[in-house]
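Notes to accompany the following structure.
Source: prediction; values computed, not measured. Letters A, B, ... mirror the listed sequences (proteins, then strands); counts begin at 1.
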Amino acid sequence: MPAAGITIANRLMRYKLLAITLIMFGFGFALVPFYDEICRVTGVRELFKANEPVVENTQVDTTRKIALEFDANTQRLGWTFHPLESHVDVHPGQVTQVVYEVRNTQNREITGQAVPSYGPERAGQYFQKLECFCFRQQTLGPGEVRQMPVVFIIDPNMPKDLNTVTLSYTFFEVAGVQKKPG
Amino acid sequence: MSAVIDNHAPAHGHDSHDHGDHHGAPHGLMRWVTTTNHKDIGTMYLWFSFIMFLVGGVMALTIRAELFEPGLQIVSPEFFNTMTTYHGLIMVFGAIMPAFVGFANWLIPLMIGAPDMAFPRMNNWSFWLLPPAGILLMSSFLLPGGAAGVGWTMYAPLTSQMGPGMDTTIFAVHLLGMSSIMGSINIITTILNMRAPGMTMMKMPMFVWTWLITAYLLIAVMPVLAGAVTMTLTDRHFGTSFFNAAGGGDPVLYQHIFWFFGHPEVYIIAIPAFGVVSQVIPAFSRKPLFGYASMVYATSSIAILSFIVWAHHMYTVGMPVAGQLYFMYATMLIAVPTGVKVFNWVATMWKGSLTFETPMLFALGFLFLFTLGGFTGLVLSLVPVDVQLQDTYYVVAHFHYVMVAGALFSAFAGVYFWFPKWTGKMYDEKLGKIHFWLTLVFFNMIFFVQHFLGLAGMPRRIPDYNPQFTEFNQISTIGAFGFGLSQLLFLYILLKAIKSGKPAEQKQWDGADTLEWTHLPTPMPYHTFENPPTVK
């Protein structure tokens, strides 16, 4: 059998090892401010901001300026329809947004579809639309007002002789669309 | 009941005894509940780990069955996630770690000539925390929301979104951690304070050395894991924001804290496995271990290095290149002491009188396959490669080569090696060899093909996959079921040997030279070394 002295030594050892355990438990929590400080000093969290040039659209052709005119019509449809700005100047390659407002002046729900046209006609192929209300049918309830965006880029390859372009939308009623029950 | 050393133990009781009185084990269920005998506790650890091994194995088979074909067939993706999570948790904390603690309990007192562990009652408690932890883990499957499908690493922010199954898992990890820490305190104290006269540190068997180092690793990092899951718990319920970005915390912080535990944990599993192999290979080579001192230093170096390489598990979280380079080089450095160990094992066999009984076969299987797993680890340590392979099946293949072919093969080697000593019965050598070959072939069938799957880009932890991966997955699944069934053969071998095994000799293996073989009869008495042997 072990002498009593060894048992005391064992108990002493147990306290030492328990102390290490507690210290390491605290160490886990100490890592929280430690990492905070490390990240602050080394700027790890700004990894994707520092030394990085401001993101620019290199496709913008600033040597040219195109005058764009916006036109809006309705065809036998009880809506009023107009762009908020009728004229903007843009560089080719620049992402541009214009907003149109449409109002249903009738007492019934109407579904319409906008059809674009361009003047001159050949400018149309250089309009790259990212988002347009003309992509889908629009349904307006009685008296409803809606503002709708068109987001587009003028293709930098647009022929040099085109300096003024008109974008015209005409809304047609889509017949046969029934009001959904409920 | 029969506390041999702890001076707080009651001196009286229905089976209390005079010191030095050799008597057999008490009988009945209460023997196991109240035992403070290191042999009983070691046995319970080993059986517990085997049961958990089967439970975790069934989960692995569920995963493999789902992956037999692309598409979703058997389980829902949510359940699949819980399977990968609990397979990992149960195999790591429920099967492999308790298995080696079982070896430690059985063997450390015998190998250093101590009568028992230093704190026998704490030893009892260490073990009996495990079944509640296991029940708590499994009970999370019954809770609303089901068990936590967060992966065994329990990364934030997933952990803050799980149902109450996450909380039971966290508490289970707390219990498992306490058990490991108490076990480690016991092991360190036993080794440092209770060696027989003449048993100097540098005469200790290699297995004892590896456990001393492992136990230090455990008390250093298990509290850190406990801290990490406690932070998760307070984030979930008490309004803290350690890992919650919305409250100013950082989910990546969890990964740093977890892997500060997680990487040493890898060595907590591997180093005792090294220890077992370091006993088995010399015994069947009939030569002393080559380069004993360098083994001690190499193992210590691995343990120390394991603290400074954690972030190689998280190369892709967005750390500066300087950080990636540091962790890459530090990780590659670990190959050096590991290489020393592999060299020493091979050199031990050099010109030895080799025989190939089952323990030796498993040790050799360990040596080949663990080294292969080490090499894939070296591949993964390279930042540019790891960025490609992060979270693919290549990683799965890598860590199963070190966890299964490393730790599990070593545990099998150890069980076959010491089984005759523990029980006094000899297992069926022929069946043992069949078990080895089935295990070896099916193991490679499961995991070798996963290297190719990973290189081709199949992500891990996903229940569905691109049909181009089908063939390799089917090979892997068939291998998994073969592997699982082979382990039932292992159970049969053990039960058959316990029931009707031939009596084993005192020194069943020629080359075995540690105290339990040279100084103790077979079968062993319930109490051993009450008078310490003198080591020359």
Toward chain A, the part of T230(B) with a non-hydrogen atom under 4.5 Å: side chain
More than 12 heavy atoms from other groups under 6.0 Å of CG on D89(A): yes
Working for side chain to side chain contact (heavy atoms under 4.5 Å, CB included), residues M201(B) and L212(B): CA-CA 10 Å; M201(B) 292 296 277; L212(B) 179 64; 3.6 Å; yes
E131(A) bridged to K129(A) by N-O distance under 4.0 Å: no
Check: T105(A) side chain, G78(A) main-chain N or O, donor-acceptor pair, under 3.5 Å: yes
Proximal component of F261(B), with respect to chain A [non-hydrogen, under 4.5 Å]: neither
Close approach to chain B in residues 21-31 of chain A, criterion heavy atom under 4.5 Å: T21(A), M24(A), F25(A), F27(A), G28(A), F29(A), L31(A)
Test item: Y118(A) and R122(A) side chains (from C-beta on) under 4.5 Å apart, heavy atoms: no
Parallel, tilted or perpendicular, as decided by the 30° and 60° cut-offs, for the rings of W310(B) and F260(B): perpendicular
Parallel, tilted or perpendicular: rings of Y254(B) and Y155(B) (30°, 60°): perpendicular
Atom group of I185(B) that falls short of 4.5 Å from chain A, counting heavy atoms: both
Parallel, tilted or perpendicular: rings of F171(B) and H174(B) (30°, 60°): tilted
Which portion of I219(B) sits near chain A, non-hydrogen atoms under 4.5 angstrom: both
Part of L18(A) lying under 4.5 Å from any heavy atom of chain B: both
Most contacts with chain A, counted as non-hydrogen pairs under 4.5 angstrom, among I257(B), L192(B), V252(B), V221(B): I257(B)
Whether H38(B) side chain and D116(B) backbone form a donor-acceptor pair below 3.5 Å: no
Atom group of A226(B) that falls short of 4.5 Å from chain A, counting heavy atoms: both
